[in-house]
Protein chains: 2
Amino acid sequence: MAENLKVSLDVMGGDHGPETVLAGADIALLRKPGLRFELYGEATAAMPVLEKFPRVKQASNFHDCEISISMDDKPSQALRRGRWKSGMWRSIEAVKAGEADFCVSAGNTGALMAMAKFCLRTMEGIERPAMAALWPTLKGESVVLDVGANVGADTGQLVDFAIMGAAMSRALYDLDRPTVGLLNIGVEEIKGNEEVREAGQILRESQPPGLKYHGFVEGDDLGKGTVDVVVTEGFAGNIAIKTAEGTARQIGEYLGAAMRRTLLARIGYMFASSAFGYLRQKLDPRRANGAVFLGLNGIVIKSHGGTDAEGFAAAIEMGHDMAVYGINEKILSDLRHFGSQRSPQEQ
Amino acid sequence: MAENLKVSLDVMGGDHGPETVLAGADIALLRKPGLRFELYGEATAAMPVLEKFPRVKQASNFHDCEISISMDDKPSQALRRGRWKSGMWRSIEAVKAGEADFCVSAGNTGALMAMAKFCLRTMEGIERPAMAALWPTLKGESVVLDVGANVGADTGQLVDFAIMGAAMSRALYDLDRPTVGLLNIGVEEIKGNEEVREAGQILRESQPPGLKYHGFVEGDDLGKGTVDVVVTEGFAGNIAIKTAEGTARQIGEYLGAAMRRTLLARIGYMFASSAFGYLRQKLDPRRANGAVFLGLNGIVIKSHGGTDAEGFAAAIEMGHDMAVYGINEKILSDLRHFGSQRSPQEQ
């Protein structure tokens with residue numbers, strides 16, 4: 001049953017458009033043969049590419065859209081120009097209409113956020129959705145949010161992010177009460193800005209049922225996997241995730257250079273090549289591609305705009321897992337539970 | 001001449017106190033034999049340790065201080081309790097009195113910032129000092145600020161950080177007009193918060209003489225070395241630097257695990273051991289230890305509280321370079337230059 005999911009794809013989104021999106025769909029289909037696609041994009045650009053992927057063609061319906069959202073459209077522009085008729089909008093709308101279980105787009109983040117919010121609306125009590133990513137750690141994987149849906153977050157929003165992130169962690173990893181930390185510049189209670197300190201106080205005192213509040217965590221706790229869920233506002237979260245990606249790439253370059261330095265190093269590299277293969281796979285940023293908007297009435301996955309087919313396939317699989325594990329139902333039930341504990345003006 | 005610098009050390013600061021500070025001084029002294037130390041700390045705790053480092057003892061004056069600032073004192077507490085008489089305060093005061101060319105402390109960041117600001121005062125036109133770190137990149141090294149002296153920064157402060165960071169980059173790397181980027185969540189002009197967008201506009205339009213404004217940069221540009229100077233407010237900057245440290249440590253663990261996985265990998269590791277040694281050195285966080293407070297009338301270096309002797313020595317060497325290259329004179333002259341272009345309420 002889990003396999004028979006329908007996915008709507010924004011075919012024109014991302015830096016490479018249909019080439020990457022359809023090749024990614026092809027890879028995802030190999031791994032999850034029950035997937036069905038609703039494709040939204042410009043037929044003239046996309047149809048010739050679709051011919052190259054007969055498996056995808058057979059498993060999909062194509063919907064011609066007259067407009068595509070570009071990577072540098074402002075969210076307001078995108079909404080004005082592309083509502084009802086762009087591939088991005090229509091792929092989101094397919095989720096609303098029940099024609100797809102989730103939607104994946106590699107397009108412009110701001111536009112996707114604006115359209116998804118406008119089309120699907122936020123869950124009751126949620127003011128702004130957050131973008132959640134899965135962060136590979138020494139212990140496994142953590143949920144990190146917000147990684148860039150919003151710039152800044154007030155106290156109530158940070159608390160909402162904690163509840164939504166914990167629901168996601170419970171859904172994906174079958175944890176009873178995942179640990180939740182607030183990202184800060186120190187672990188002492190006096191550290192950070194007012195929003196973070198107040199959110200910490202609320203989480204500590206209210207003890208929401210679906211999570212265990214750990215306290216503040218710092219940037220280096222992300223890789224350690226100190227907590228299951230790391231909560232932060234979108235500016236710092238986005239910088240953290242991109243800094244980690246950049247550092248991984250930088251170290252990969254150092255490693256390559258080190259292994260080419262001497263003849264002995266090159267010989268050693270040959271002997272250890274399977275170990276390096278394993279390491280390469282561990283560090284492959286494409287494996288962790290995809291972030292989900294939490295707090296919407298529908299599942300929308302944002303893929304990195306610059307990723308390749310392998311990365312886009314990972315984003316599709318992320319959406320697949322979110323749908324199979326009923327992430328939104330879990331969030332809704334947690335919000336209902338916790339909502340009654342919050343003061344009315346915070347809801 | 002460069003060698004005959006006097007350093008004041010907060011001997012009790014950091015997680016390991018005199019053991020690390022004096023062992024670090026010993027290492028620094030081996031590399032820069034002309035250094036002289038003014039040591040400030042509690043004699044009962046520090047003197048027995050000093051006996052273990054006869055070279056340092058010979059090159060130093062010890063000043064007994066009745067109070068030490070602890071790692072979890074609030075800045076206001078530290079100031080109330082420790083002003084005039086703590087080792088932290090007196091090591092800063094030595095810089096003010098001209099008895100030391102720079103000061104190094106591994107103590108509580110907030111307390112150090114509060115005391116340094118109170119004792120040395122900020123330069124004319126500077127509202128808040130920033131903490132600048134040297135970030136190893138694929139191209140060499142970049143200056144990154146603020147990495148945690150402040151939480152948040154307004155437009156004028158971000159512009160000040162840009163000017164101070166550029167002066168530091170020019171001083172250290174002998175660049176004519178270092179490139180400066182503002183850390184943001186995207187490179188398009190519409191991205192980020194108002195402060196960052198406005199600071200970008202001011203830097204673009206005013207074209208300060210000592211720097212070349214590049215535009216926005218993202219988290220992954222840090223490791224690439226896209227610009228010589230990366231400017232951000234202290235919350236995001238602190239999270240970025242700690243995330244990078246954590247990611248480097250995480251990958252180091254992966255690498256170690258990969259090389260222990262199979263017999264072939266272990267053989268490969270043996271062949272390539274010098275290459276791994278080179279890599280280890282490249283990734284050693286102690287080499288990049290030390291951040292300097294910019295915008296004060298005196299040089300104060302903050303060492304990581306948890307570092308070891310090698311790391312503390314690197315912080316001393318950072319201070320040495322700052323003093324030798326006349327960092328503060330360069331900043332003052334740039335501020336005077338640029339100050340005349342700013343509107344009066346911004347000065």
Side-chain angles (χ1 to χ4, degrees), chain A residues 72 74 109-110 136-138 148 151-152 183-186 188 190-193 218-224 232 234-255 258-259 261-262 264-276 278-279 282-283, chain B residues 72 74 109-110 136-138 148 151-152 183-186 188 190-193 218-224 232 234-255 258-259 261-262 264-276 278-279 282-283:
Chain A
D72 45 16
K74 282 191 198 182
T109 311
T137 75
L138 286 175
V151 169
L183 192 59
N184 201 343
I185 60 172
E188 301 83 8
I190 55 155
K191 287 290 173 80
N193 54 33
E218 301 185 65
D220 54 344
D221 288 302
L222 285 159
K224 283 184 202 161
T232 184
F235 190 86
N238 183 275
I239 284 168
I241 200 167
K242 286 182 185 156
T243 300
E245 280 168 18
T247 305
R249 211 153 26 213
Q250 181 183 6
I251 296 175
E253 298 258 346
Y254 287 160
L255 185 61
M259 292 302 129
R261 267 178 100 226
T262 62
L264 275 181
R266 270 178 252 144
I267 293 170
Y269 183 81
M270 271 167 28
F271 274 103
S273 64
S274 85
F276 281 106
Y278 162 81
L279 187 69
K282 269 277 200 199
L283 297 182
Chain B
D72 45 16
K74 282 191 198 182
T109 311
T137 74
L138 287 174
V151 168
L183 193 58
N184 201 343
I185 61 171
E188 302 83 8
I190 54 155
K191 286 291 173 79
N193 55 32
E218 299 185 64
D220 55 342
D221 288 304
L222 285 160
K224 283 184 203 163
T232 184
F235 190 86
N238 184 276
I239 285 168
I241 200 167
K242 286 181 184 157
T243 300
E245 280 168 20
T247 305
R249 213 154 24 217
Q250 181 184 7
I251 296 174
E253 298 260 346
Y254 287 159
L255 184 61
M259 291 302 128
R261 269 180 99 224
T262 63
L264 274 181
R266 270 178 252 144
I267 295 171
Y269 183 81
M270 270 167 30
F271 273 104
S273 63
S274 85
F276 280 107
Y278 163 81
L279 187 67
K282 268 279 200 197
L283 296 183

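Since the structure is predicted, the reported quantities are computational estimates derived from the model, not experimental observations. All chains are named by letter (A, B, ...) in the order of the sequence lines, taking the proteins before the strands, and each is independently numbered beginning at 1.
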Polar side-chain atom of B/Glu253 near backbone of A/Lys224 as donor-acceptor pair, under 3.5 Å: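 No.
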If only atom types and distance count, is the side chain of A/Gln250 paired as donor or acceptor with the main-chain N or O of B/Leu222 below 3.5 Å?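 No, because the side chain of A/Gln250 does not come within donor-acceptor range (under 3.5 Å) of the backbone of B/Leu222.
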Heavy-atom pairs under 4.5 Å with chain A are the metric here; pick the option from B/Pro136, B/Gly152, B/Gly148, B/Gly186 that has the most.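 Top option by heavy-atom pairs under 4.5 Å: B/Pro136.
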What are the two closest heavy atoms between A/Thr247 and B/Ala248, and how far apart are they?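 Reported closest heavy-atom pair: CG2-N, 4.2 Å.
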Interface residue of largest heavy-atom contact number with chain B, from A/Thr262, A/Thr232, A/Leu183, under 4.5 Å: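 The residue among A/Thr262, A/Thr232, A/Leu183 with the greatest pair count is A/Leu183.
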Identify which of A/Asp72, A/Ile267, A/Leu138 forms the greatest number of heavy-atom pairs closer than 4.5 Å to chain B.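 The candidate making the most pairs under 4.5 Å is A/Leu138.
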Counting only non-hydrogen atoms closer than 4.5 Å, does B/Asp221 touch chain A with its backbone (N, CA, C, O), its side chain (CB onward), both, or neither?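 Contact with chain A: none, neither part.
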Please list, one pair per line, the donor and acceptor atoms closer than 3.5 Å that link side chains of residues 234-243 of chain A to other protein atoms, with sequence neighbours excluded.
residue, atom, partner, partner atom, Å
A/Asn238, OD1, A/Lys242, NZ, 3.1
A/Asn238, ND2, A/Val147, O, 3.1
A/Lys242, NZ, B/Ile185, O, 3.2
A/Lys242, NZ, B/Glu218, OE1, 2.3
A/Thr243, OG1, A/Ile239, O, 2.6

What part of A/Arg249 lies closer than 4.5 angstrom to a heavy atom of chain B: side chain, backbone, both or neither?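 Only the side chain of A/Arg249 comes within 4.5 Å of chain B.
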Counting only pairs under 3.5 Å, give me each side-chain donor-acceptor contact of residues 269-276 of chain A, with atom names and distances, residues two or more places apart or in other chains.
residue, atom, partner, partner atom, Å
A/Tyr269, OH, A/Arg280, NH2, 2.7
A/Ser273, OG, A/Met270, O, 3.2

